[in-house]
Amino acid sequence: MNQNIVSCGHKVNIDTHVVLWNKGFVCPNKRGRSTCSYHDPKLNDAPSRKNTAYKILNPESAYKELAQRVHQLVLHYDACYSSFHCHQLMTKSSFKGSHFYLDLDGTLYQTCDLYWKTNTAPADDQQGNERAIHVEMANLSWEALAKDSEWIPSNKDKYLKKRGRWVLELPNEYRKKIRTAGFQATPARVYGTRGYFSKKINDRVVRMWDFTEEQYQALIKLCIGINKLLPRVKLQVPFDKNSGRHPLDRLKNYSKFSGILGHAHVQKGDNGLECKYDPGSAFNWARLKKAFNSSTRGSTSS
Ligand SMILES: [Zn+2]
């Protein structure tokens with residue numbers, strides 16, 4: 001079972017299951033980063049080519065350059081049932097992609113070498129993908145709530161309370177694609193008796209059930225691994241020292257931030273771009289902060 005994430009021949013073992021693109025999902029729409037120089041520049045912002053066209057020249061130098069350029073890991077929800085579902089949508093698109101998918105059961109999929117650019121968060125300065133690694137985490141967001149659902153309309157909520165637990169009702173076609181057989185997706189935390197969280201992000205109230213415990217555990221390992229591979233992606237999340245809160249709206253200094261942040265933190269929708277809300281109101285930023293504090297304490301004291 002592979003546990004490595006990889007870039008330009010460098011590997012980091014992150015102590016959790018990672019399905020690489022040779023065994024799982026291949027990013028259908030890679031691009032060259034305009035800030036990197038060890039590939040054919042015709043691959044930048046050009047239509048998708050076949051996978052063999054994406055060649056990294058001089059991987060060691062490419063790795064050093066990439067580590068200088070990339071300083072953000074951007075977190076997304078995929079508004080899908082599962083990573084298989086998410087990949088179906090990426091494949092139908094002519095430009096979408098994400099370096100990682102994080103499935104409901106905590107399985108990580110790496111879809112391409114991190115050297116390549118994937119297009120999931122242009123950010124309000126249109127440069128967001130150049131500086132970022134992306135992870136699409138399986139969660140329906142407001143699509144799970146019957147009254148808020150848009151692209152997966154339904155007349156009942158997609159989470160049901162069974163024997164005191166909230167459980168995601170997965171259609172058969174998606175349930176059988178989850179790697180952990182018989183996995184039941186249940187939120188890591190619930191809010192009151194209604195189960196879902198509700199907070200305003202970039203001026204919209206986002207109602208959603210939380211990610212799974214398995215997703216949080218794998219995500220924290222991914223963040224720590226990305227930081228080892230690309231140290232400019234610092235182990236920090238947006239946090240306001242004065243209020244003691246994690247801001248959810250777009251940050252003022254979003255293009256400069258070095259660390260782990262959400263799509264909503266970089267894209268409110270200036271210049272005709274879509275306004276973004278992910279990873280959403282249920283996401284537990286405080287848990288990441290706490291995990292990073294103990295992980296950096298551990299490494300400095302040893
Ligand atoms: Zn997003």
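Order of appearance sets the numbers: ligands from 1, and atoms from 1 within every ligand. In what follows, residues are counted from 1 in the order of the sequence shown.
- Protein nitrogen, oxygen and sulfur atoms, that is N, O or S, within less than 2.8 Å of the Zn ion (ligand 1) amount to 3.
- Taking the six-membered ring where the residue is Trp, H246 and F239 present tilted rings, their angle falling between 30° and 60°.
- The heavy-atom pair separating N271 from D124 by the smallest distance is ND2-O, 3.2 Å.
- The aromatic rings of Y81 and Y174 lie parallel to each other, with less than 30° between the two planes, well short of the 60° mark.
- Using a 30° and 60° split on the angle between ring planes, H10 and Y63 fall in the parallel class, below 30°.
- Legend: residues meeting ring pair (Phe, Tyr, Trp, His ring centres under 6.0 Å) with Y54, ordered by chain and number and at least two apart, are W116.
- Using a 4.5 Å heavy-atom cutoff, the side chains of K117 and T35 are not in contact.
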